[in-house]
Amino acid sequence: MLQTALLRSNMKKIIIVGASSGLGERIATDFARAGWRVGVAARRVDRLEQIKSLYPSNVAVSELDVTAPDAVKKFYDLIELIDGMDILLFAAGTGFYDPELQDERLETTLNTNVTGFARIVAAAYKYYKQTANRYAGQIAAITSIAGTKGIGVAAAYSASKKFQQTLINALEQLAYQQQVNVKFTDIRPGFIRTPLLDENKSYPMIMSIDEAAPLIEKAVLLKKRVAVINSKWAIVNGIWRLVPQRVWKHISLTW
């Protein structure tokens, strides 16, 4: 059982960036309930304080905007608050249904999912490189199956998720070259009913947070390299990989 695995953690430490809503909030609550030291970070500090109020001795809070110049400093400060970091889970992100390619939406998506992501993940990598622990650190990130192929109606989002996956791959290679003791987990969900989605739209094979969160937690705890969430989306993702671009361009994906 997942709860049993969490309880075997011996008070390990996890930082969750993007913990104020949706998956990040749920996962942070689950880890804190299981006795982990949890550093929660997001822009909406009021939601983070609600988690802390439930588990005051386990949770530390940081008001952190991954797109802000002080993001890395606040990230490192949060590591100090919980006295170390065994796992980083990057759960922050944004994206839009945007067939019109609106400038504001493009900029917001890329600033958060590309620049902000790279800034925090690189900072975590440097932390593990400098601490040189004999136990492996872990960088886990919630990317998306949208990174498998470019989805036309969510072009910037798809591209940003591909960037995230490529950065993780590159850092894994760099870690091998530099002998940095860190593991990587790339979590690729399909549609999950979170505030990121338009509640007025209908999405194929959509999952609830209750369904998706335990699968993500399991992937993190088992240090899976790549985890597609869930089995149905794993099949779809596998099929997408086989579709050549000359065929893919004719496929209309909309919702």
*Asks:* Hey, does the side chain of R43 reach the backbone of E63 with a donor-acceptor pair shorter than 3.5 angstrom?
*Replies:*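 Side chain of R43 to backbone of E63, a donor-acceptor pair under 3.5 Å: no, none is there.
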*Asks:* By side chain to side chain contact (heavy atoms under 4.5 Å, CB included), which residues pair with R26, not counting sequence neighbours?
*Replies:*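 Testing R26 for side chain to side chain contact (heavy atoms under 4.5 Å, CB included), a comparison that skips the adjacent residues, returns D30, I209, D210, A213, P214.
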*Asks:* Look at the aromatic rings of F184 and Y125 and report parallel, tilted or perpendicular, splitting at 30° and 60°.
*Replies:*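 Parallel.
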*Asks:* Would you say M85 and Y127 make side-chain contact, with heavy atoms under 4.5 Å?
*Replies:*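 The answer is yes, as the side chains (C-beta and beyond) meet within the 4.5 Å cut-off.
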*Asks:* If we ignore hydrogens and angles and just use 3.5 Å, is the side chain of K183 paired with the main-chain N or O of G137 as donor and acceptor?
*Replies:* no
*Asks:* Decide if atom CD of Q179 counts as having more than 12 heavy atoms of other residues, nucleotides or ligands within a radius under 6.0 Å.
*Replies:* no
*Asks:* Okay, side chain of S158, backbone of I151: is any donor-acceptor separation there less than 3.5 Å?
*Replies:*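 The answer is yes, because a donor-acceptor pair under 3.5 Å joins these two groups.
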*Asks:* Is there side-chain contact between R44 and S21, with at least one heavy-atom pair below 4.5 Å?
*Replies:*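 Yes. Closest side-chain heavy atoms under 4.5 Å.
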*Asks:* Please indicate whether E107 has more than 12 foreign heavy atoms, meaning atoms of other residues, nucleotides or ligands, lying under 6.0 Å from its CD.
*Replies:*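 Check fails, neighbour count at 12 or below.
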*Asks:* Could you tell me if the side chain of I239 sits less than 4.5 Å from the side chain of I235, heavy atoms only?
*Replies:* yes
*Asks:* Could you check whether atom CG of D103 has more than 12 heavy atoms from other residues, nucleotides or ligands sitting under 6.0 Å from it?
*Replies:*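 Atom CG in D103 is not crowded, with 12 or fewer foreign heavy atoms closer than 6.0 Å.
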*Asks:* With side-chain hydrogen bond (donor to acceptor under 3.5 Å, both in side chains) as the criterion, how do N111 and T67 come out once you've worked through the C-alpha distance, each side chain's angles and the decisive distance to 0.1 Å?
*Replies:* CA-CA 6 Å; N111 282 345; T67 67; over 6 Å; no
*Asks:* Report yes if some heavy atom in the side chain of T185 is under 4.5 Å from a heavy atom in the side chain of Q138; otherwise report no.
*Replies:* yes
*Asks:* Please tell me whether F90 and F117 form a close aromatic pair, meaning their ring centres lie under 6.0 Å apart.
*Replies:* yes
*Asks:* So, the side chain of W233 versus the backbone of R188: is there a donor-acceptor pair under 3.5 Å, distance only?
*Replies:*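 Judged by distance alone, no pair lies under 3.5 Å.
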*Asks:* Checking Q165 side chain against S144 main chain: does a donor-acceptor pair fall under 3.5 Å?
*Replies:*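 It does hold such a pair.
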